[in-house]
There are 2 protein chains.
Amino acid sequence: MSVTDQPRRRDAAATREAILRAAIEAFTRAGYDGAGVREVAAAAGVTAMLVNRYFGSKEQLFAEAVDRSFAAPTVVGADPAALPAQLAAALVARTDPASEPLNPYLLMLRSAGNPRAAEIMREAIGRHVGRRLTGLLTGPDAGERAELVLSVIAGVWLMRDVLATPALTGADPGRLKEHLSGVIQALSRPSPDPA
Amino acid sequence: MSVTDQPRRRDAAATREAILRAAIEAFTRAGYDGAGVREVAAAAGVTAMLVNRYFGSKEQLFAEAVDRSFAAPTVVGADPAALPAQLAAALVARTDPASEPLNPYLLMLRSAGNPRAAEIMREAIGRHVGRRLTGLLTGPDAGERAELVLSVIAGVWLMRDVLATPALTGADPGRLKEHLSGVIQALSRPSPDPA
DNA sequence: GTCTATAGAAAGATAGAC
DNA sequence: GTCTATCTTTCTATAGAC
């Protein structure tokens with residue numbers, strides 16, 4: 001049997017990568033508490049022992065999975081001027097229950113119940129998506145408006161995809177996009193109109 | 001020993017009520033997966049067996065806890081005209097990490113990772129807060145705008161209280177209220193301005 | 001009406017062989 | 001580099017005594 005006979009047999013880096021991918025999938029689908037180390041191991045084609053060998057513990061595995069998942073942009077583009085319309089459209093498309101099930105917001109919402117997972121995710125938000133979005137906004141309170149935009153994204157993802165409430169899953173996508181575009185626009189301005 | 005010697009000894013209704021109160025507290029603090037039947041029982045001063053005797057299973061106990069928790073209004077008032085400012089003020093006050101830790105949104109956010117819990121909560125939202133808020137809004141798409149408002153509430157609660165991100169916990173409450181008031185206002189109108 | 005005791009399953013983590 | 005086997009804990013749920 002050659003070394004290329006089986007995928008990544010006796011290849012530490014490839015095995016580690018396979019475990020990490022399986023972990024992202026499992027944590028996104030079932031959350032921190034709902035995903036087991038055995039389950040991740042089986043999906044990666046290894047035993048549970050190897051997971052702890054490479055990552056130390058379930059908690060550290062989760063931390064790496066979160067960091068990887070949060071590193072790439074999801075619904076926020078690069079153009080500040082087009083932000084409201086573009087973000088609203090992407091949000092409506094990706095929160096459809098039939099959409100791609102692998103994204104950082106599902107991972108976040110399904111793991112938020114665990115206190116340790118919440119800490120890990122708070123730090124990852126500050127390092128990745130929070131920083132990215134803050135850079136797109138202008139004004140003195142850009143940081144807090146950026147996190148309010150994140151709140152809206154997470155909230156819509158919760159109601160429309162995780163809880164799947166009828167009024168949002170059945171809503172017309174175009175009208176939904178209009179409403180959300182208005183919301184994001186209200187948060188793009190540095191100072192709101194004081195009533 | 002008289003029958004009033006100890007609180008609710010041999011009083012089925014009072015014992016049941018004590019268990020339900022303890023369950024709401026535990027599920028709100030730790031979520032569906034994080035709260036154990038033993039823990040609930042101990043807080044109510046009974047054994048774990050009684051919990052299942054009165055409620056059948058952990059899942060049914062959770063269903064009753066959710067229904068009770070979602071039944072009363074939290075941040076949405078009775079006056080439609082004052083909705084944006086009043087809701088924004090209440091939301092900022094109650095999502096402060098030092099605020100009262102017993103509310104339906106924390107219960108919801110910390111339990112959303114469990115699929116069965118998500119179903120139970122979806123139904124409770126339709127029965128209680130979704131119906132209440134829909135009644136306050138006018139226009140043909142009131143139902144979907146009501147759930148968008150709920151999305152904003154839940155999202156802010158997640159970021160500011162559950163995850164406790166620095167930019168939101170450290171933000172000036174007055175300015176936060178202004179921003180959120182603008183967001184709610186954008187969702188109060190039946191049809192948004194098309195770009 | 002409430003208890004003790006326990007069944008039965010599943011979790012995270014580790015020891016030690018090859 | 002990866003395995004089998006197991007330790008220890010924790011969970012929900014139930015049987016049966018008083």
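The sequence lines fix the lettering, A, B, ..., with proteins before strands; numbering per chain opens at 1.
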N/O donor-acceptor pair under 3.5 Å between [X] side chain and [Y] backbone:
X	Y	result
T169(B)	T165(B)	yes
R68(B)	I24(B)	no
K177(A)	A93(A)	no
E147(A)	L168(B)	yes
N114(B)	A117(B)	yes

Please tabulate the protein-to-nucleotide N/O contacts below 3.5 Å involving nucleotides 4-11 of chain D, giving atom names and distances.
none

K58(A) to Y32(A), cation-pi by 6.0 Å centre distance and 45° axis angle: yes
message: I need the residues from residues 110-119 of chain A with at least one non-hydrogen atom less than 4.0 Å from DNA chain C; give them sorted by number, or say none.
response: none
Could you check how far [atom1] of [X] sits from [atom2] of [N], rounded to whole Å?
X	N	atom1	atom2	answer
R16(B)	dG1(C)	CZ	P	12 Å
I19(B)	dA13(D)	CD1	P	14 Å
D33(A)	dA10(C)	CG	P	17 Å

message: Tell me whether the side-chain N/O atoms of T15(B) come closer than 4.0 Å to OP1 or OP2 in dG1(C).
response: no
Residue [X], side-chain atoms from C-beta onward, closest of [options]:
X	options	result
R53(A)	dA13(D), dC3(C), dT2(D)	dT2(D)
N52(A)	dT2(D), dT2(C), dA13(C)	dA13(C)
L50(A)	dA13(C), dG1(D), dC3(D)	dC3(D)

task: Assign Y54(A) to base, sugar-phosphate, or nothing according to its heavy-atom contacts below 4.0 angstrom with the strands shown.
output: sugar-phosphate
field: Partners passing side-chain contact (heavy atoms from CB on, under 4.5 Å) against R29(A) (at least two apart in sequence or in another chain)
entry: E25(A), A26(A), E39(A)
statement: side-chain hydrogen bond (donor to acceptor under 3.5 Å, both in side chains) pairs touching residues 86-111 of chain B, sequence neighbours excluded, are T95(B)-R160(B)
field: Pairs meeting criterion side-chain hydrogen bond (donor to acceptor under 3.5 Å, both in side chains) with involvement of residues 121-136 of chain B, two or more places apart
entry: D67(B)-R127(B), D67(B)-H128(B)
task: Rounding to 10 degrees, work out the angle separating the end axes of the helix from dG1(C)-dC18(D) to dC18(C)-dG1(D) (five pairs an end).
output: 10°
message: Taking the basic N atoms (NZ, or NE/NH1/NH2) and the acidic carboxylate oxygens, is any pair closer than 4.0 Å for E64(B) and R16(B)?
response: yes
query: Could E119(A) and R116(A) be called an ion pair, given the rule that one side-chain N must be under 4.0 Å from one carboxylate O?
result: yes
